[in-house]
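Let me begin by presenting the structure, written as structure tokens, before commenting on it.
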Amino acid sequence: MLSQKDMSGMMGFNEFKELCQALNGWKATFSSFDRDHSGTVESHELQQAIGTMGYNLSPQAMNCIMKRYSTSGRIAFDDFVSCCVRLRALTGESLQTQ
């Protein structure tokens, strides 16, 4: 799991709480950039959303993210969460820094 610190295969209350906080933060970020309320964000909106979370990605990295997570040039919330999880895993960030 995303914050499985003890590798027990089970999620404790504190880990669950951290996950809920991260998901709520991601939902708020996503919603603030889904300006047309379509349930998706476009490339430029995604770049802004990722930037507000403290990531400064190159155009090449953003292009890779769009190729991996978008459908018809737009990213739905579920794919946005997958992207956020991957970014955290790649940067070694814990959920508590949300």
Side-chain angles (χ1 to χ4, degrees):
M1 193 64 192
L2 183 60
S3 65
Q4 249 294 298
K5 295 173 186 155
D6 63 5
M7 302 305 212
S8 67
M10 300 183 70
M11 181 179 280
F13 177 75
N14 287 334
E15 292 170 325
F16 179 75
K17 182 179 166 185
E18 290 176 30
L19 177 60
C20 286
Q21 289 172 338
L23 284 171
N24 286 334
W26 293 334
K27 180 65 176 170
T29 299
F30 184 87
S31 295
S32 70
F33 288 96
D34 178 18
R35 293 183 181 101
D36 63 359
H37 307 290
S38 65
T40 61
V41 291
E42 296 176 10
S43 177
H44 68 281
E45 294 168 325
L46 176 68
Q47 186 165 13
Q48 292 171 346
I50 288 174
T52 65
M53 295 187 309
Y55 298 106
N56 184 19
L57 302 181
S58 69
Q60 295 84 0
M62 286 304 302
N63 190 36
C64 289
I65 287 172
M66 287 304 292
K67 284 182 180 179
R68 167 65 180 91
Y69 295 103
S70 72
T71 303
S72 300
R74 301 184 69 83
I75 294 181
F77 179 67
D78 291 351
D79 292 322
F80 178 76
V81 169
S82 295
C83 177
C84 291
V85 169
R86 180 63 56 97
L87 285 171
R88 285 191 179 273
L90 291 172
T91 60
E93 240 183 294
S94 73
L95 287 175
Q96 292 177 330
T97 61
Q98 177 66 25

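What you see is a predicted model, and the numbers here were worked out from it, not measured in a lab.
Looking at Asp79 and Arg74, no side-chain N of the basic residue comes within less than 4.0 Å of a carboxylate O on the acidic one, giving no salt bridge.
With Asp34 contributing its side chain and Val41 its backbone, the two residues share no donor-acceptor pair below 3.5 Å. In terms of modelled atom types and a separation under 3.5 Å, the side chain of Ser31 and the main chain of Ala28 share no donor-acceptor contact. Side chain of Glu45 to main chain of Glu42: a donor-acceptor pair is present (N/O by atom type, distance under 3.5 Å, no hydrogens or angles). Side-chain atoms of Ser38 come within 3.5 Å of backbone atoms of Thr40 as a donor-acceptor pair (strictly under, hydrogens ignored).
The shortest heavy-atom contact between Met62 and Ser43 is CE-O, 4.2 Å. Summarising the geometry of Tyr55 relative to Thr91, their closest heavy-atom pair is CE2-CG2, 3.7 Å, with the distance given to 0.1 Å.
Side-chain contact between Phe80 and Trp26 is present, with heavy atoms from C-beta onward closer than 4.5 Å. The shortest side-chain heavy-atom distance between Asn63 and Lys67 falls under the 4.5 Å cut-off. Put simply, the side chain of Phe33 reaches to within 4.5 Å of the side chain of Thr52, judged on heavy atoms. Counting heavy atoms from C-beta on, the side chains of Leu57 and Gln47 never come closer than 4.5 Å. The shortest distance between side-chain heavy atoms of Ile50 and Cys83 falls below 4.5 Å.
Within a 6.0 Å radius of CG in Asp36, more than 12 heavy atoms belonging to other residues, nucleotides or ligands are found.
Partners of Arg68 by side-chain contact (heavy atoms from CB on, under 4.5 Å), not counting sequence neighbours: none found.
The OG1 atom of Thr29 lies 11.0 Å from the CG atom of Leu46; values are rounded to the nearest 0.5 Å.
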